[in-house]
Number of protein chains: 2
Amino acid sequence: MRPTVHDIAAAAGVSLATVDRVLNQRPGVRRITREKVETAIREIDYVRDVAAANLAKGRTYPLVFILPSSDNSFMHGLHAEIRDAIKRSPVERTDIRTVEVAAFDPAALVAALDKLADERPAGIALVATDAPGVVAAVDKLVDDGIPVVTLVSDLTGSRRHHYAGVDNIAAGRTAARLLGRFLGDAEGEVAVLAGSMLVRDHRERLEGFAALIAQEFPKLSILPVLEGRDDPEMAHMMVADALSRHQRVIGVYSLGAGNRGLIKALKGKGTDRRVTVVAHELTVHTRAALIDGTIDAVLNQDAGHEVRSAIRVLKAKADGLAVIDAQERIRLDIFLKDNLP
Amino acid sequence: MRPTVHDIAAAAGVSLATVDRVLNQRPGVRRITREKVETAIREIDYVRDVAAANLAKGRTYPLVFILPSSDNSFMHGLHAEIRDAIKRSPVERTDIRTVEVAAFDPAALVAALDKLADERPAGIALVATDAPGVVAAVDKLVDDGIPVVTLVSDLTGSRRHHYAGVDNIAAGRTAARLLGRFLGDAEGEVAVLAGSMLVRDHRERLEGFAALIAQEFPKLSILPVLEGRDDPEMAHMMVADALSRHQRVIGVYSLGAGNRGLIKALKGKGTDRRVTVVAHELTVHTRAALIDGTIDAVLNQDAGHEVRSAIRVLKAKADGLAVIDAQERIRLDIFLKDNLP
DNA sequence: AAGATTTTGATTTACGTACATCAAATTTGG
DNA sequence: CCAAATTTGATGTACGTAAATCAAAATCTT
């Protein structure tokens, strides 16, 4: 049988009340006694029954998700997944609230974070905007003992407890290798469609992509990045224009969220021209394009996994428990038309 | 606040004891009363607090994993993951036992399953061997109300509650497309190395692979399958032999677990010859081969995810709870050298 | 060594559910 | 309509932990 608080008391030769004081860090215990209890805990290999503890405390986990108010299908998907998580709240003892913050606005994000410091939720998940002020605000929360995880976009240099998202440099490299290998020996140009170079994940994807193309596929040259602001109209115009102006374009890497316009432009081009396309984010549109052959591969991060992982990690950190690293690693999914979910 | 049994009692106008009788299916409740309580449960949207219930019951989930006694690195990995799960048992209230059964021996598997019917564990996970007798044995367990999930290898035609594994036909098709696209316009032969065609997952992978090659890559022809029985020596000999006898081999699909021999054979061949290789299962060997360029892509199923998913599903089924389908879908991982974990 | 202070112990209640027991009420059978 | 059988209610204990209270003991001050 699993050891209980009673076993600790017996092993340490103290009363239940003292064990409780130590376990819950209540005052009024001498150093020596505290150490005696802690030794006993280690020796009998006690782990607190979190379920029983939560029952006794009537505990819930107030969690806050800070999200940019971006209007693209990935963010919509993320919101939907959070709503699903909220539906599961009674069972999971969570109490999830979302806070929307203007996209790419470090000051607004810092303000939101500072406000939460007073509120003291059990944990915070945020889609980070990369700026020194944000790093400082996050570190302050961490110092205050509030678990923080970054979601989708990481915050390097900060002491956040965890990052629930993919490695975007690796994603860019993977896209480059797929495109390069799919194109074989062909020589030509590659167009890159991004949302905005102000976003860290887009920058990182481009960085990885460009590096690997330069290193391993010298026959391919990358055209200046098209920044479509994840807007269908704009992306359509830019891609159509690029395809007509550069007849040597044989590949496209779409690393942002504005794939609707891209797909339209690709379908509009002459059917004689074969363009190999790698895009990010699996949506109804990219899925259809994958099936009809307009897109050759889709890289994806599963928003549902990211949200559930963030919640699991925040709860675990709040309880001071270990997380299963392998379980919480967010994988970069590669979809061809044959392994669609 | 979440409704409790007291709220049910109040809503239904009965006593707590009656609610308890209904909830736990104890006898001595009139039809009408039972229905009244059930209506109340639905109306106030009651969900049993599983944590509290388990606490009261002192419940643990006795689970049994039935595994083939195969000696390959994937199965070793699976065993390791189960051992990890056993370490988490105190926290997860599981009590996991593994049963080893001779590989590819339906009779032995049926015997093991029948034996478990008496033991009545809270759930059973099995690596299925595909045979009518096994289907019948599994269906009997299901009829007895014991949750059953298949692991790694499914059992079509049975009424198992869940399958924790990948779609192997899709895996074969994905391998075919990767190989076909990587080879571009080249014409030549493709060698397939399998463990044994007696194993369902290997058969299915081959089926998907051959179908897609025939359909979309007519310039490639598939050589007769090499059955290496997942043995390094044997695989080495067979592949080396095939490579020397068939000078037109430009691609290899290794769909089994015996990649050590394959890698050795590939490294032994003349360096002038370029062979594109897609293999299954990420191990230390395939990982190294991917990095040094001997292998071009690795398809993988994460044994840890499969085990944890199986456990979650079995517990949920035992409690009559819903599972999050998206969370329990085991994905086919595609690894290039750039997105290795 | 007396009193003040700190530390420890003993005990109780609570969380939401399970399960058992006994008494009371209701229904059923004859 | 009475007795027997069934159904329902009332109540208490338990699970492992949290949290509070009050008394007792130990330690510290001077």
Side-chain angles (χ1 to χ4, degrees), chain A residues 1-38 40-41 44-61 89-93 95 122 315 318-321, chain B residues 1-38 40-41 44-61 89-93 95 122 315 318-321:
Chain A
M1 270 275 80
R2 193 173 162 179
T4 74
V5 281
H6 295 86
D7 300 321
I8 304 179
V14 299
S15 77
L16 220 54
T18 301
V19 173
D20 178 69
R21 288 178 185 114
V22 173
L23 276 177
N24 296 291
Q25 304 165 80
R26 272 183 261 279
V29 186
R30 264 188 309 170
R31 238 189 115 81
I32 316 155
T33 316
R34 157 159 283 125
E35 277 159 10
K36 222 167 40 176
V37 173
E38 278 163 354
I41 289 175
I44 66 172
D45 216 39
Y46 169 85
V47 237
R48 179 200 250 107
D49 184 329
V50 183
N54 285 348
L55 178 61
K57 274 195 281 211
R59 157 156 221 184
T60 54
Y61 299 82
S89 277
V91 178
E92 299 180 348
R93 302 191 111 84
D95 178 13
K315 286 176 69 174
D319 291 333
L321 294 178
Chain B
M1 269 277 80
R2 189 173 165 181
T4 73
V5 281
H6 294 86
D7 300 319
I8 304 177
V14 300
S15 77
L16 219 56
T18 301
V19 173
D20 178 69
R21 289 179 184 113
V22 173
L23 274 178
N24 297 293
Q25 306 168 82
R26 272 182 262 278
V29 186
R30 266 188 310 169
R31 237 189 116 81
I32 316 156
T33 316
R34 156 160 283 125
E35 277 159 10
K36 224 167 37 176
V37 174
E38 279 162 353
I41 290 175
I44 67 173
D45 216 40
Y46 169 85
V47 234
R48 180 198 252 108
D49 184 329
V50 182
N54 285 347
L55 178 61
K57 275 194 281 210
R59 158 158 219 185
T60 54
Y61 299 83
S89 277
V91 179
E92 298 181 349
R93 302 190 110 86
D95 178 12
K315 286 176 69 175
D319 290 332
L321 294 178

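Below, chains carry the letters A, B, ... as their sequence lines are ordered, and counting in each starts from 1. The figures that follow rest on heavy atoms only: side chains count, while hydrogens, waters and symmetry mates do not.
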- Message: Going by the rule salt bridge (Lys or Arg N to Asp or Glu O under 4.0 Å), which residues pair with E38(B) if we only count those two or more places apart in sequence or in a different chain?
- Response: none
- Gap separating the CZ atom of R2(A) from the CZ atom of R93(B), nearest 0.5 angstrom: 6.5 Å
- Message: Among residues at least two apart in sequence or on other chains, which ones pass side-chain hydrogen bond (donor to acceptor under 3.5 Å, both in side chains) with Y61(B)?
- Response: N54(B), D319(B)
All N/O pairs under 3.5 Å across the protein-nucleotides 13-18 of chain D interface:
unit_1, atom_1, unit_2, atom_2, d
dC15(D), O2, L55(B), O, 3.4
dC15(D), O2, A56(B), N, 3.0
dG16(D), N2, A52(A), O, 3.3
dT17(D), OP1, Y46(A), OH, 2.8
dT17(D), OP1, D49(A), N, 3.3
dT17(D), OP2, V5(A), N, 2.9
dA18(D), OP1, N24(A), OD1, 3.4
dA18(D), OP1, R48(A), NE, 2.7
dA18(D), OP1, R48(A), NH2, 3.2
dA18(D), OP2, N24(A), ND2, 3.3

- To the nearest angstrom, the CD1-C1' distance between I8(B) and dA18(C) comes to 13 Å
Taking distance alone, no hydrogens or angles, what donor-acceptor pairs closer than 3.5 Å link side-chain atoms of residues 16-25 of chain B to residues at least two apart or in another chain?
unit_1, atom_1, unit_2, atom_2, d
T18(B), OG1, S15(B), OG, 3.4
D20(B), OD1, N24(B), ND2, 2.9
D20(B), OD1, R26(B), NH2, 3.2
D20(B), OD2, R26(B), NE, 3.1
D20(B), OD2, R26(B), NH2, 2.7
N24(B), OD1, R48(B), NH2, 3.1
N24(B), ND2, D20(B), O, 3.3

- Note on the structure: Closest heavy-atom pair, A122(A) versus A318(A), reported as atoms and distance to 0.1 Å, is O-CB, 3.8 Å
Grab the N/O contacts between the protein and nucleotides 5-7 of chain D below 3.5 Å, and write none if there aren't any.
unit_1, atom_1, unit_2, atom_2, d
dT7(D), O3', R30(B), NE, 3.4

- Hey, does the side chain of S15(B) come within less than 4.0 Å of dA10(D)'s phosphate (OP1/OP2), counting only N and O? no
- Message: Using a 3.5 Å distance criterion without hydrogens, assess whether the side chain of K315(B) forms a donor-acceptor pair with backbone atoms of E92(B).
- Response: yes
- Item | Separation of dA10(C) P from R21(A) CZ (nearest whole Å) | 11 Å
Please report, to 0.1 Å, the donor-acceptor pairs under 3.5 Å made by any side chain of residues 3-13 of chain B, with sequence neighbours excluded.
unit_1, atom_1, unit_2, atom_2, d
T4(B), OG1, H6(B), N, 3.1
D7(B), OD2, T4(B), N, 2.7

